[in-house]
Amino acid sequence: MSARDIAWVAAGAAALGVLAHGHRGLMADVRRRRAPPTAPFEPPSVTLIRPIRGLDVEARANVRALLDLDYPGEWEVLLVFDSAEDPAFAITQDELGRHPTRAKRVELLVAGEPPPGMTGKLNAMQLGVSRARGTILAFSDSDTRPEPGVLTALVGALLEDARTGATFAPVYAAARAPLAGDVGYGLLVNAWYGASVARAAEPDGALPFIMGQLMVFRREALQDIGGVGSAAGQFVDDMYLGRRLHEAGWKNRVIHAPLRIVTGNLELKAFLRIFRRWVLFSEAGLPWSFARPNWVRGVMGWLSWGGLAAAVGRRAWGHAAVAALPIGFSVWSQLRLQRACHGPRVSPRHYWVPAVLPLLGAGVALSARVSRDVDWRGRSYRLDARAALGGALPARTSP
């Protein structure tokens, strides 16, 4: 065996070892589930605010799931739109008329166009807060489908500790009939971000940020940081609010009960736009300690693909096989983490997606550095170097 062969095998073994070590750590942390609250509590009143813009996949079922929550205390739902002409407005209104709910009050509100330097979502959140009557404030993304008990679990965890200012649900993405883009999005949410949240969380679920697809706040904690309006000028409201709460001495805690993000009909091109947006989201509040393991996994993937390409170019098939081993392990690892984080099984016809995901990530990260324009919910925003809106107006608005 030549020195080149020995070096090649050593490099492949090192990449495989790094990936295996990272996988073991992530799986151990994912299996260390947050325990559900055990102490009984007197349920305070809750206002659940859901900003809606555009028609989400399976939008009617998402609204029904919100109405089917079984929170034992008094609760209300405020559904906030930019305009009554939004395609989801009439569908939501119709669903409210058809579907019974235990919520004491359900209202559809119209927020109008956001002011300069504010996202449409934050504008809707502010209107919801101004109309809220509940002691506890909750915010729900419109593309999610909560299980009946998740709001109770969130409030129970919030009340366990007097210094817990916010709780949020861990998310997973799933589609009924996934396309390649749905598979990619599911792996991104489940095998990469979801597993990393489990690793970063303290034993009680405490984190220095919030991933807020469904998040619950004490009013006094929000008031302590200036309310949701303190996130004006930010592109990512949840991570910013979570960071501010952490800096003010409050805890953000991820709970045990998962929350589904509903996807479907997502082509690969559309997924890449979402992937790019998530990369920009991560710049706005994720600490390096959270991102580092994912960067390590990505770099091992890039190096392995580079080695495979070089070996195939030289027709060195033994070297190609060595380089392919870490790629194969990365695919297996992502599929295992996907399942461990509540995600669905991936069909063998889509195994190529986890294989190339690190390469796609490198391209997306480069794109986010080259251009700071991003589309979100029918609007385009221009971000500054800190992934904030700064003083810039939305670049354009699409229907």
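Throughout, residue positions are numbered sequentially from 1 according to the sequence presented.
Atom CG of Leu48 and atom CG of Leu69 lie 6.5 Å apart (nearest 0.5 Å). Rounding to the nearest 0.5 angstrom, the gap separating the OH atom in Tyr193 from the CH2 atom in Trp278 is 6.5 Å. Atom CD1 in Ile255 sits 10.5 Å away from atom CG in Leu158 (nearest 0.5 Å). Between atom CG of residue Leu280 and atom CZ of residue Arg369 there is a gap of 9.0 Å, rounded to the nearest 0.5 Å. For the atom pair CD (Gln234) and CZ (Arg244), the distance works out to 9.5 Å, reported to the nearest 0.5 Å.
For the side chain to side chain donor-acceptor pair (under 3.5 Å) condition, the pairs that include at least one residue of residues 306-320, sequence neighbours left out, are Asp5-His319, Arg314-His319. Counting only residues at least two apart or on different chains, the salt bridge (charged side-chain N to carboxylate O under 4.0 Å, His left out) pairs with a member in residues 132-152 are Glu58-Arg145, Lys121-Asp141. For residues 297-307, the set of pairs meeting the salt bridge (charged side-chain N to carboxylate O under 4.0 Å, His left out) definition, not counting sequence neighbours, is empty. Residue pairs meeting the side chain to side chain donor-acceptor pair (under 3.5 Å) criterion with at least one member in residues 206-229, sequence neighbours excluded, are Asp224-Trp250. Pairs engaging residues 336-354 under the salt bridge (charged side-chain N to carboxylate O under 4.0 Å, His left out) rule: none recorded [sequence neighbours left out]. Within the structure, salt bridge (charged side-chain N to carboxylate O under 4.0 Å, His left out) contacts touching residues 181-207 (residues at least two apart or in different chains) are Asp29-Arg199, Asp204-Lys251.
Salt bridge status for Asp68 with Arg64: absent, with no side-chain N to carboxylate O gap under 4.0 Å. With salt bridges taken as basic N to acidic carboxylate O contacts below 4.0 Å, none links Glu76 and Lys104. Comment: Arg277 does not engage Asp375 in a salt bridge, judged by the lack of any side-chain N to carboxylate O separation of less than 4.0 angstrom.
A side-chain donor-acceptor contact under 3.5 Å links Ser330 and Gln334. Counted by atom type alone, Thr167 and Arg253 present zero donor-acceptor pairs between their side chains at under 3.5 Å.
By the criterion of side-chain heavy atoms lying less than 4.5 angstrom apart, applied directly or through intervening Ile, Leu, Val, Met, Phe, Trp or Tyr residues, Val189 is not grouped with Met27; the two fall into different hydrophobic clusters.
Classification of the Phe235-Tyr381 ring pair by plane angle, with boundaries at 30° and 60°, yields tilted. Note: Phe81 and Phe89 have perpendicular aromatic rings, judged against thresholds of 30 and 60 degrees for the angle between ring planes. Between His342 and Tyr172, the ring planes are tilted. Angles from 30° to 60° get that label.
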### Task
Mind running ring pair (Phe, Tyr, Trp, His ring centres under 6.0 Å) on Phe329 and Trp332 for me, showing each step along the way?
CA-CA 5 Å; Phe329 183 86; Trp332 176 84; 5.4 Å; yes

